[in-house]
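Here is the structure we will look at, set down as structure tokens.
Chain letters run A, B, ... following the sequence lines, proteins first, then strands; residues in each count from 1. None of the values given here were measured: they were computed from a predicted structure.
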2 protein chains.
Amino acid sequence: MKKDRKTIYEARAKIIKAMAHPSRLLIIEELHHQERCVNELTEMIGADTSTVSKHLSVLKNAGLVSDEKRGNCIYYNLRCTCILDFIDCVEEVLTANAEDQKNIMKACKR
Amino acid sequence: MKKDRKTIYEARAKIIKAMAHPSRLLIIEELHHQERCVNELTEMIGADTSTVSKHLSVLKNAGLVSDEKRGNCIYYNLRCTCILDFIDCVEEVLTANAEDQKNIMKACKR
DNA sequence: TGGCTATTTGGCTATATTGCCAAGTAGTTT
DNA sequence: AAACTACTTGGCAATATAGCCAAATAGCCA
């Protein structure tokens with residue numbers, strides 16, 4: 001692979017990888033509705049605070065969320081709302097896959 | 001996290017994880033232009049055939065590509081073209097990140 | 001049949017990710 | 001200042017991923 005093409009794909013992969021985790025997808029979806037602090041997200045996810053904090057730092061590092069300290073809490077915000085379209089696309093893939101499964105089942109019954 | 005919500009996010013994460021690799025992003029983009037066989041992709045990527053074959057099986061397993069044997073080769077096709085919008089969104093994030101970097105640099109010079 | 005070509009699979013090592021606990025930091029409240 | 005709240009960091013073990021080589025499979029060609 002050409003060097004500059006590789007650089008581009010690596011940069012993209014880093015962003016996508018940051019999304020590629022169930023808890024982080026929850027965070028993304030939640031932050032789309034409203035900003036949240038670590039504590040709130042921790043409760044929703046049901047993992048250790050440190051774990052959630054690390055997930056948030058992965059997202060922040062990828063530039064997907066921003067944080068803002070206000071009062072006692074650090075509030076996290078979603079930076080690019082287009083990410084939600086992204087998830088719509090993923091849903092499309094899942095639906096297509098389910099459709100395939102169904103057809104396979106049908107074929108087996110025959 | 002509630003069990004059914006967790007299931008949904010795990011399914012989504014699996015799809016996204018399948019995209020989260022430079023070589024696999026190249027494959028996706030390439031297949032968007034035209035179908036390709038393993039050999040062709042292997043050359044473009046410049047890795048071992050077995051490595052590329054495994055990348056393709058990850059993509060196939062996620063339902064992102066389909067394969068079709070014709071003549072001597074197995075041709076791979078992209079199944080959901082919406083994935084390209086997805087990548088547009090990733091580009092948007094990258095641009096925003098670059099913008100941030102630029103502003104930080106500016107601030108430092110002052 | 002035997003050798004090709006195209007592709008997949010198994011096995012292995014190196015590396016990365018995840019998640020918990022414990023400890024550290026920082027700002028707030030009493 | 002001491003205790004408290006909110007969060008991050010370091011460390012560690014378990015697990016997953018990546019990429020190579022070697023070997024297996026499968027269809028084509030002579």
Say you draw a straight line from [atom1] of [X] to [atom2] of [Y]; how long is it, rounded to the nearest 0.5 Å?
X	Y	atom1	atom2	value
A/Glu30	A/Ser23	CD	OG	12.5 Å
A/Ile45	B/Arg5	CD1	CZ	9.0 Å
A/Cys89	A/Glu91	SG	CD	10.0 Å
B/Met19	A/Ile15	CE	CD1	14.0 Å

Salt-bridge criterion met for B/Glu29 and A/Arg12 (N-O under 4.0 Å): yes
Assign a letter to each nucleotide of nucleotides 24-30 of chain D from its 5' end: B, base within under 4.0 Å of a protein heavy atom; S, sugar-phosphate only; -, no contact. ---S---
Answer yes if [X] and [Y] sit in the same cluster of Ile, Leu, Val, Met, Phe, Trp and Tyr residues linked by side chain heavy atoms under 4.5 Å apart, and no otherwise.
X	Y	answer
A/Val90	B/Ile87	yes
B/Leu59	A/Tyr9	yes
B/Ile8	A/Ile27	no

With sequence neighbours excluded, give me every ring pair (Phe, Tyr, Trp, His ring centres under 6.0 Å) pair touching residues 26-50 of chain A. none
Heavy atoms, side chains only, cut-off 4.5 Å: are B/Leu41 and B/His55 in contact? no
In whole angstrom, give the distance that lies between atom CD of B/Glu68 and atom P of C/dA6. 18 Å
Could you check how far OH of A/Tyr75 sits from C1' of D/dA6, rounded to whole Å? 11 Å
Bend angle of the helix from C/dT1-D/dA30 to C/dT30-D/dA1, from helix axes over five pairs at each end, nearest 10°: 10°
Quick check on contacts: within residues 1-24 of chain A, what sits under 4.0 Å from DNA chain D by heavy-atom distance? none
Can you list, by residue number, the residues of residues 26-63 of chain B that have a non-hydrogen atom closer than 4.0 angstrom to DNA chain D? B/Ala47, B/Asp48, B/Ser50, B/Thr51, B/Lys54, B/His55
Chi angles and distances behind the salt bridge (Lys or Arg N to Asp or Glu O under 4.0 Å) call for A/Glu99, A/Lys106: CA-CA 11 Å; A/Glu99 200 59 38; A/Lys106 256 189 209 165; over 6 Å; no
Short side-chain N/O contact to D/dT8 OP1/OP2 from A/Tyr76, under 4.0 Å: yes
Hey, does the Lys NZ or Arg CZ of B/Arg70 hover above the aromatic six-ring of B/Tyr75, less than 6.0 Å from the centre and inside 45° of the axis? yes
The complete set of side chain to side chain donor-acceptor pair (under 3.5 Å) pairs with one or both residues in residues 77-90 of chain B, sequence neighbours excluded, reads A/Asn97-B/Arg79, A/Asp100-B/Arg79, B/Glu35-B/Asn77
